[in-house]
Amino acid sequence: MASEARQLRPFETLDGAQASLDELVQITGHEPEKVAAYAGQTLLSEHDPYRSGPFVLWFGRSQGDNQRLARAVVDDVRQQFDDCPGAVRLVVSLHNSRLKMTDVVFDRAITDPDSIPLAIDLHEIGEAKIRPRPLQTPGDGCRVVVELLLGRDLTPEERRPLRAWRKGSWLARVNFAISTSGAFSGPRPRPLTEAVRNEYALSPRTVHFSHVFASGETVLAAEAFDDVMNFYVDEDLLDRVREHPFAGWSHRLQRGWILNAIGTYLLVAVRNEFFDDFDPTTEPWSGSIMRAILDKVSGTEAVPTPTAALTLLQEDPGRFLAELEDRAELRDLEHLMIPSNPEEK
């Protein structure tokens, strides 16, 4: 619902509400008492991506936490927008970059503490219940975004310096990812045809080629490789691999291709004009493919966090790529490589 992506806001935000959302909002799946994701984290779901598997968004896991969050939000809203009744709304939306879909599943004006529910069922359990389309995301995952935003333009009389006034301006936001595999979604291979070779002046001996066409902040904030780059593989070789997707030699080729393509993306990313501002823990970067790559490298004693992985990328890119190759299992990569449908070539 809100299209703004920049981290620096030209107006006052709801800092108290933001802190409460970061601390208390969770998303849970099949076993809510065992597995929960907080803001900026990924919830893994190993169940059928099209049916079953409940997802619940919690605004505090108890009535006490819910009331604490609600009071913080309402106090913040009243402090800044008391003269604009009903202008600030709580909106929950589901985003699927692969399907280019956004569904708003909850939208309510913030008027009092009762405006914030304890929980929202994003999908109920049951074999006969089909998930909302944005949640039908085998491998790729989808984003769940919780926002406090302006539901209307403020009138000229309501506007004042440093106060947001445009409809859709977000004032506080947290997001979560849902994935059925925990893998980041790599670039989809396209046939390296004679026309493509001519377009990029490539030698007939070139087997694969990556071209990052995006620029600026988009390179770092994108949620899918296909939104920033094209990845080409010799069309005859690609056909052979499609015919034998699970052979040992095929796996080795696929793994090498994709890691090479990701390396090209990283080379462009670290030279990007916005790279020095990149923070994997904050918006708009927390749902990006760059964050997904950092997540894959982190989690060890040597590289415990995404921030540590970012430092490694900056200081020792060769070691970073070696860690990525070590951590990226075939099960993480194989579903990204070769579409089973020939029409996807």
Side-chain angles (χ1 to χ4, degrees), residues 42 44 46 49 97-98 137-141 177 179-193 196-197 200 202-203 205-213 219 222-270 288-300 302-303 306 309-310 312-313 316-342 344-345:
T42 298
L44 301 183
E46 298 179 354
S97 59
R98 178 71 65 183
T137 51
D140 295 73
S179 174
T180 57
S181 70
F184 54 87
S185 180
R188 182 181 296 274
R190 304 166 185 262
L192 181 55
T193 63
V196 175
R197 293 181 188 274
Y200 294 104
L202 300 175
S203 163
R205 295 188 299 273
T206 300
V207 176
H208 54 82
F209 172 66
S210 301
H211 172 61
V212 178
F213 54 81
V219 174
E223 299 172 9
F225 281 103
D226 289 349
D227 293 337
V228 296
M229 69 185 297
N230 289 329
F231 169 52
Y232 300 95
V233 174
D234 178 84
E235 57 183 335
D236 292 335
L237 186 55
L238 188 58
D239 284 339
R240 287 187 59 198
V241 170
R242 282 197 170 108
E243 293 172 3
H244 307 280
F246 304 110
W249 62 267
S250 178
H251 268 168
R252 289 190 291 273
L253 279 177
Q254 295 175 45
R255 181 188 180 91
W257 290 344
I258 294 302
L259 291 172
N260 184 277
I262 293 173
T264 300
Y265 164 78
L266 291 172
L267 178 63
V268 173
V270 297
S288 66
I289 52 176
M290 175 61 83
R291 169 61 190 265
I293 295 172
L294 297 175
D295 283 344
K296 179 58 65 177
V297 172
S298 64
T300 65
V303 190
L310 179 62
L312 180 63
L313 174 61
D316 193 348
R319 169 73 183 282
F320 181 94
L321 292 175
E323 291 285 346
L324 177 62
E325 181 177 4
D326 181 62
R327 302 295 300 281
E329 302 293 337
L330 283 177
R331 61 182 173 81
D332 293 327
L333 298 174
E334 61 187 9
H335 78 282
L336 330 164
M337 308 289 141
I338 307 301
S340 58
N341 183 355
E344 296 185 33
K345 292 197 300 181

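Starting from 1, each residue takes its place in the sequence as its number.
To the nearest 0.5 Å, atom CG of residue Leu259 and atom CG of residue Leu321 are 8.5 Å apart. Note that CD of Gln254 and CD1 of Ile258 are 8.0 Å apart. Values are rounded to the nearest 0.5 Å. Taking CD1 of Ile289 as the reference point, atom CG of Asp227 lies at 7.5 Å (rounded to 0.5 Å). In this structure, Phe231 CZ and Asn260 CG are separated by 7.0 Å, a value rounded to the nearest 0.5 Å. Here the CZ-CH2 distance, from Arg240 to Trp249, works out to 4.5 Å after rounding to the nearest 0.5 Å. The distance from atom CG of Leu313 to atom CG of Leu294, rounded to the nearest 0.5 Å, is 7.0 Å.
Side chain of Thr206 to main chain of His208: no donor-acceptor pair is present (N/O by atom type, distance under 3.5 Å, no hydrogens or angles).
The shortest non-hydrogen separation linking Val219 to Val228 is CA-CG1, 4.1 Å. Of all heavy-atom pairs spanning Arg197 and Ser203, the tightest one is NH1-O, 2.9 Å. Of all non-hydrogen atoms in Met229 and Ser210, the two that sit nearest each other are CE-CB, 3.6 Å.
At a threshold of 4.5 Å between non-hydrogen side-chain atoms, the residues Val303 and Leu312 count as touching. Residues Glu325 and Arg255 form a side-chain contact, since some pair of their non-hydrogen atoms from C-beta on lies under 4.5 Å apart. Contact check for Tyr265 versus Ile293: side-chain heavy atoms found under the 4.5 Å cut-off.
Ring-plane geometry between His211 and Phe213 is classed as tilted, the angle between the planes lying from 30 to 60 degrees on a 0 to 90 degree scale.
Shown here are the side chain to side chain contact (heavy atoms under 4.5 Å, CB included) partners of Leu267, two or more places apart in sequence or in another chain: Arg271. With sequence neighbours left out, Phe320 forms a ring pair (Phe, Tyr, Trp, His ring centres under 6.0 Å) with no residue at all. Residues satisfying the side-chain hydrogen bond (donor to acceptor under 3.5 Å, both in side chains) test with Asn230, not counting sequence neighbours, are Arg190, Tyr232.
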